[in-house]
Amino acid sequence: MRRAWWKTLGYDAVDINLGCPAKKVVKCGGSGLLRELPLLEDIFKSVRAAVKIPLTIKLRAGWDDKSIVALEVVKMAEQVGIEAAAIHPRTRAQGYTGKADWNIIAAVKQAVKIPVIGNGDVQSPEDAVRLGERDGM
Ligand SMILES: Cc1cc2nc3c(=O)[nH]c(=O)nc-3n(C[C@H](O)[C@H](O)[C@H](O)COP(=O)(O)O)c2cc1C
C-alpha cells in the first residue's frame, strides 16, 4: 500500500501561516486571508480533510484595528477541527511595530477549548510569566 505523503516526508504537523504581513504574501495568503473569512473557512476545511497529522494556525489579530478577527477565526478553526492556534496580537497594519495586545490572546483563550499559544512583546522570562498570569489564561 502507498504510504501517505505526509508520513513519507516525515512531518509531525502542518501550520497554516495567517501572520505574514509581507506585501507579496498578503496578495495570496498570510495575514491577507484575515480579510476573507468565507474563503479562509473553505481553506481550513480542505486542509483539514487532506491532513491527518496535527493541524495548527498562526494568526495576527486582524488586518487593521477596525477589523480584529482573531476570536472569530480561532472559533472557526476549532469548529473545523484545527488543533491549536498561535496568536500574534498585532494587526497586519502594525507590521512588526507598536504594542502587541495581550487582551486579544486572553479573550480567545477564554472562548475556545483548543490550546492557544500567545506571543508578542515577550522579551524576558518575566514577560512570559506576566502573559501567563493574565485573567483567563
Ligand atoms: C522578520 C520576522 C519574520 C517572521 N516570520 C515568521 C514566520 O515565518 N512565521 C511565523 O509564524 N511567525 C513569524 N514571525 C513572527 C514571530 O514569530 C512572532 O509572532 C512575533 O515576532 C512576536 O512578536 P514580538 O516580535 O513582539 O516578540 C516573524 C517575525 C519577524 C520579526
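Read the numbers this way: they start at 1 and go in the same order the structure lists the ligands and their atoms.
- Near ligand 1, N17, K58, H88, R90, Y96, N119, G120, D121 each place a heavy atom less than 4.0 angstrom from the ligand.
- Partners of E41 under the salt bridge (Lys or Arg N to Asp or Glu O under 4.0 Å) rule, at least two apart in sequence or in another chain, are K45.
- With R90 as the partner, the side chain to side chain contact (heavy atoms under 4.5 Å, CB included) test is satisfied by one option alone out of D101, I104, D121: D121.
- For residues 19-31, the set of pairs meeting the side chain to side chain donor-acceptor pair (under 3.5 Å) definition, not counting sequence neighbours, is empty.
- Shown are I43, L59, V69; of these, the side chain to side chain contact (heavy atoms under 4.5 Å, CB included) with L18 is made only by L59.
- By the salt bridge (Lys or Arg N to Asp or Glu O under 4.0 Å) test, D15 is found to be paired with no residue, residues two or more places apart in sequence or in another chain being considered.
- In this structure, Q79 places its CD atom where only 12 or fewer heavy-atom neighbours from other residues, nucleotides or ligands lie under 6.0 Å away.
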